[in-house]
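In what follows, every heavy atom counts, from backbone to side chain, and hydrogens, waters and symmetry copies are set aside. Letters A, B, ... mirror the listed sequences (proteins, then strands); counts begin at 1.
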Amino acid sequence: MTIYSRFAAHVDSALDALVAAGELPAQTVRAGVTVEPPRDAAHGDLATNAAMVLARQAKTNPRALAVQIAAELEKIEEVKAAEIAGPGFINLRLSDSCWIAGLAEIARLGPDYGRSDMGAGRTVNVEYVSANPTGPMHMGHVRGAVVGDALASLLEFAGHKVVREYYINDAGGQVDTLARSAHLRYREALGEDIGAIPEGLYPGDYLVPTGVRLAEKFGDAYKDANESEWLVLFREEAVNDMMDMIRADLALLGIVHDEFASEAQLHVEGKAEAAEAELRSRDLVYDGILEAPKGKTLNDWEPVELPLFRSTKFGDDQDRPIRKSDGKWTYFGADLAYHFQKLQNADELIDIWGADHAGTVKRIKAAVAALAGEDAKFDVKLVQMVKLLRDGEPIKMSKRSGTFVTLKEVVDEVGKDAVRFTMLTRKADAQMEFDFAKVVEASRDNPVFYVQYAHARIQSMLRKAAADGITPSDTHLDTLGAEEIALIQQAAQFPRIVESAAQSREPHRIAFYLNDLSAAFHGFYNLGNDRPEKRILMADNAEMTAARLFLAQNIGQTIANGLAIMGVEAANEM
RNA sequence: GCACCCGUAGCUCAGUCGGAUAGAGCAUCAGAUUCCUAAUCUGAGGGCCACAGGUUCGAAUCCUGUCGGGUGCACCA
């Protein structure tokens, strides 16, 4: 139990006492009452807004009610003082022993410190990456991949059962193009001069090995065959190769999915037909004609009757086709069936999408609501674009010429940890810049190194002390002073940071917290420069050294736990 | 034209289910290394929270509108 949850209970008891004394109406609604660290540490250790939130219900003014609540809270052993401030905040000062107990708690829990049961074991399916299986991962995929992966870890740490899922778009026109491109490389591998790659096919070299592999596997059986003889086969073969490549790319970032769902398989199982039948029976799908797109002129647009989903009933600006005029499924048509299927095996769904798909959020949410009910838990998290820079200059990317920056190139240049950490130093729904020069820079400006350095510094001290025969010990924690307590207070926040980050699905909060905690530690460490009596390793005081090492060790543990959520290594030396 | 995201210090960004004097890094200026890793630390200056209304005890935070930046607006995926 954290200090915060314990005091939330204390405040609750204090309110109970007031109800019993007839000072508060029995049916007082306590929603909105919080116990938090005050914004300004000078105000105290904890603050509650209880009096301000409840004053109206108690038919009194906040400060008068605060006096009564504060009187109750002062009866608690751990409370040194309860002061009323501002419009009616109650600021609590806690005894040092209270914080020292918090430190012992970190040590007791170790790698589990900060873990929460908030999720109550509910299953959350997090779908992320889901890049088309037509080529290697590039920079455009990286942010979503990292954010999705960190969010999955965060939710896991917060007590959810998490499924990490990848949706393979292996049924659309793009994989036919892939198959044709692979066939070309296959002919090339058989010795044919294929010349320049024709417009409309994938030109990348990454298909060369696939061509070679297909030549070895099939010989010249399909060399001059009609497309209908090899298209399905080559599509399957090429998609498998691409997925192997994508899995290898993701592994460079430490990302491993639990499930790979195939769109093609979905169709084999008739899921889309089933969804359509269901929706038609409820008049949510009908045959209709789309209006011409606004805001742009299309030369080849002509009205066609298509099966449309009534997404306008759910706030979309247009009904959306689920099949094309050739009878094949649209991406949306398959996607709604896919989401319905996912909901069968999870309590909650989260999709991580690139911001360029923002326009399709409404329709898929509408479809999920229609198929699974309005209260189905489904959220789409949009991840904004990353602007790539080198020394402040934009890096030009062009898919056409094939000069996009691949994930592998980025990881090779700056390293997995720097990529992951940097991608989490900005909230997902805001655009970010990624400057190669800055990301590899080892300085205060770069939180990756700053946080890792704090951890490495702690490990270094522990090694040095061990060499001198001193190990961390909790037997003399009463020697810790005000500066040490302040550090514990910072570490004590970790569990609530985890919960609030998980609640709001914002893994970047962990990164910012670790930066703050590391700053607190570096500051504490440097106290010893001017004040030798504040040094952690003190040759003439083994007891105090052991106590401070114990503190440092658990700050290190907290940092390591946070980094683990982010998927970043906790460096032991730098 | 419509939809979504963003607008906070010179720069890059936190803070937004309403709370106290709006924070951090970089940059600028002034300091700290006979000392546990200076990849660090201490201090100073720097703000009309885009703008205008509204809601209320209280608004960077919620609502409406305006302006500015980005993204999207196929039967693509």
Side-chain angles (χ1 to χ4, degrees), chain A residues 32 34 38-40 42-43 47 49 52-53 55-56 61-62 85-89 91 130-132 134 169 171-175 263 290 292-296 298 300-301 304 306-307 315-318 320-326 328-335 354-362 382 384-385 387 392 425-433 435 438 441-447 449-450 452-454 456-461 464-465 503-504 508-509 511-512 515-516 518-519 521-530 532 535-539 545 548-549 552 573-574:
Chain A
T34 60
R39 186 170 288 180
D40 185 344
H43 290 137
N49 61 354
M52 291 184 293
V53 173
R56 187 172 298 176
N61 72 68
F89 286 99
N91 292 324
S130 299
N132 281 337
T134 55
N169 302 131
Q174 83 285 357
V175 282
E263 182 185 354
L290 278 181
K294 299 191 174 77
K296 52 157 55 173
L298 290 179
D300 55 352
W301 191 87
V304 178
L306 294 167
D316 203 354
D317 9 297
Q318 206 180 14
R320 304 291 175 175
I322 61 171
R323 288 182 192 250
K324 308 181 218 175
S325 47
D326 64 2
K328 287 185 181 163
W329 295 96
T330 62
Y331 181 85
F332 172 63
D335 211 27
D356 51 344
H357 289 71
T360 64
V361 172
K362 271 187 186 167
L382 292 178
Q384 285 288 340
M385 305 284 119
K387 226 182 272 178
T425 53
R426 186 89 163 88
K427 61 181 178 228
D429 49 12
Q431 294 166 56
M432 84 181 296
E433 294 185 349
D435 192 321
K438 277 194 178 155
E441 188 180 299
S443 74
R444 180 73 179 93
D445 193 20
N446 192 337
F449 293 93
Y450 187 73
Q452 286 190 321
Y453 180 41
R457 208 174 211 183
I458 289 166
Q459 302 312 313
S460 163
M461 270 188 306
K464 188 177 168 71
Q503 187 89 47
S504 54
H508 76 276
R509 294 192 190 201
F512 281 91
N515 204 47
D516 288 347
S518 299
F521 177 76
H522 285 309
F524 175 70
Y525 176 93
N526 275 277
L527 279 178
N529 289 339
D530 296 331
R535 296 182 52 167
I536 294 171
L537 304 180
M538 294 198 298
T545 299
R548 287 182 183 162
L549 279 174
E573 53 189 329
M574 295 180 76

- Query: Sub-3.5 Å donor-acceptor pair from the side chain of A:R323 to the main-chain atoms of A:G333, do we have one?
  - Reply: no
- NA contact type, A:A355, heavy-atom cut-off 4.0 Å: base, sugar-phosphate, or nothing? sugar-phosphate
- Give the rounded distance in Å between these two atoms: CD of A:E433 and P of B:C26. 18 Å
- Query: Does the B:C75 base have a donor-acceptor partner in the side chain of A:T330 within less than 3.5 Å?
  - Reply: no
- Task: Look at all strands and tell whether A:E573 reaches a base, only sugar-phosphate, or nothing, counting heavy atoms closer than 4.0 Å.
- Result: base
For nucleotides 68-70 of chain B, which of its nitrogen or oxygen atoms have a protein nitrogen or oxygen under 3.5 Å away, and what is each distance?
{"residue": "B:G70", "atom": "O2'", "partner": "A:Q431", "partner atom": "OE1", "Å": "3.3"}
{"residue": "B:G70", "atom": "O2'", "partner": "A:Q431", "partner atom": "NE2", "Å": "3.1"}

- Rounded C1' spacing from B:G23 to B:A39 in Å: 24 Å
- Query: Using the ring of each side chain (for Trp, its six-membered ring), is A:F512 parallel, tilted or perpendicular to A:H508, with breaks at 30° and 60°?
  - Reply: perpendicular
- For B:G18, which nucleotide is its Watson-Crick or G-U wobble mate, given both distances must be under 3.5 Å? none
- Given that both distances must come in under 3.5 Å, which nucleotide forms a Watson-Crick or G-U wobble pair with B:A50? B:U66
- Task: Would you indicate what A:A47 reaches in the nucleic acid, counting non-hydrogen atoms under 4.0 angstrom: base, sugar-phosphate, or nothing?
- Result: base
- Query: Quick one: which of B:C4, B:A39, B:C75 gets closest to the side chain of A:M574?
  - Reply: B:A39
- Query: Does OP1 or OP2 of B:A14 have a side-chain N or O of A:R426 closer than 4.0 Å?
  - Reply: yes
- So what's B:U55 paired with, Watson-Crick or G-U wobble, going by both distances under 3.5 Å? none
- Message: As a test of reading the structure: which of B:G15, B:A77, B:C75 is closest to the side chain of A:T360, going by heavy atoms?
- Response: B:A77
- Message: Checking base pairs now: Watson-Crick or wobble, both atom distances under 3.5 Å. What partners B:A3?
- Response: B:U71
- Between A:M52 (CE) and B:G18 (P), how many Å, whole number? 13 Å
- Query: Atom CG of A:N446 and atom P of B:A24: how far apart are they, to the nearest Å?
  - Reply: 20 Å
- Message: Distance check needed: B:C41 P versus A:N529 CG, whole Å only.
- Response: 11 Å
- Message: Heavy atoms from C-beta onward define the side chain here; which of B:A20, B:A14, B:C4 lies closest to that of A:A358?
- Response: B:C4
- Task: Assign A:G173 to base, sugar-phosphate, or nothing according to its heavy-atom contacts below 4.0 angstrom with the strands shown.
- Result: sugar-phosphate
- Quick one: label A:N515 by what it contacts on the DNA or RNA (base, sugar-phosphate, nothing), any heavy atom closer than 4.0 Å. nothing
- Task: Go through B:A39, B:G15, B:C75 for me and flag the one nearest to the A:R509 side chain.
- Result: B:G15
- Task: Determine if A:H357 stacks with B:A77; use a centre-to-centre distance below 5.5 Å and an interplanar angle below 30° as the criteria.
- Result: yes
- Kindly point out which of B:A77, B:A20, B:G72 is positioned nearest to the side chain of A:N169? B:A77
- Message: Using a 5.5 Å cut-off between ring centres and planes within 30 degrees, is A:F89 stacked on the base of B:G19?
- Response: no
- Are the side chains of A:R548 and A:M538 in touch, meaning some heavy atoms are under 4.5 Å apart? yes
- Side chain A:N169, main chain A:E263, donor-acceptor under 3.5 Å: no
- Would you say A:H522 reaches B:G25's phosphate, i.e. side-chain N/O to OP1/OP2 under 4.0 Å? no
- Item | Rounded distance (Å) that lies between atom C1' of B:A77 and atom CG of A:N132 | 5 Å
- Item | Any A:R320 side-chain nitrogen or oxygen under 4.0 Å from OP1 or OP2 of B:A74 | no
- Query: Is there a donor-acceptor contact under 3.5 Å from the side chain of A:N49 to the main chain of A:T34?
  - Reply: yes
- Message: Within the 4.0 Å heavy-atom criterion, would you say A:P38 contacts the bases, only the backbone, or no part of the nucleic acid?
- Response: base
- Message: Taking the C1' atom in each of B:A22 and B:A59, what is the distance between them to the nearest angstrom?
- Response: 12 Å
- Item | Complementary nucleotide of B:A24, counting Watson-Crick and G-U pairs under 3.5 Å | B:U12
- Message: Looking only at the side chain of A:Y450 (C-beta and beyond, no hydrogens), which of the listed nucleotides B:C41, B:A77, B:A38 gets closest?
- Response: B:C41
- Task: With RNA chain B as reference, determine whether A:T425 or A:R535 sits nearer its 5' end, using the nearest nucleotide of each.
- Result: A:T425
- Item | Interatomic distance, A:Q174 atom CD to A:N132 atom CG [nearest 0.5 angstrom] | 4.5 Å
- Using a cut-off of 4.0 Å on non-hydrogen atoms, how would the nucleic acid contact of A:F512 be classed: base, sugar-phosphate, or nothing? sugar-phosphate
- Task: Round to a whole Å and report the spacing from NZ of A:K324 to P of B:C75.
- Result: 11 Å
- Query: Does any donor-acceptor pair link the side chain of A:N91 with the base of B:A20 at a separation under 3.5 Å?
  - Reply: yes
- Message: Taking the minimum atom-to-atom distance to the side chain of A:D530, which one of B:A77, B:C6, B:A32 wins?
- Response: B:A32
- When all nucleic acid strands are considered with a 4.0 Å heavy-atom cut-off, which category describes A:A465: base, sugar-phosphate, or nothing? nothing
- Message: Under 3.5 Å for both donor-acceptor distances, Watson-Crick or wobble: does B:G31 have a partner, and if so which one?
- Response: B:C41
- Touch class at under 4.0 angstrom, heavy-atom based, for A:K427 against every strand present: base
- Which part of the nucleic acid does A:D429 contact within heavy-atom distance under 4.0 Å: base, sugar-phosphate only, or nothing? sugar-phosphate
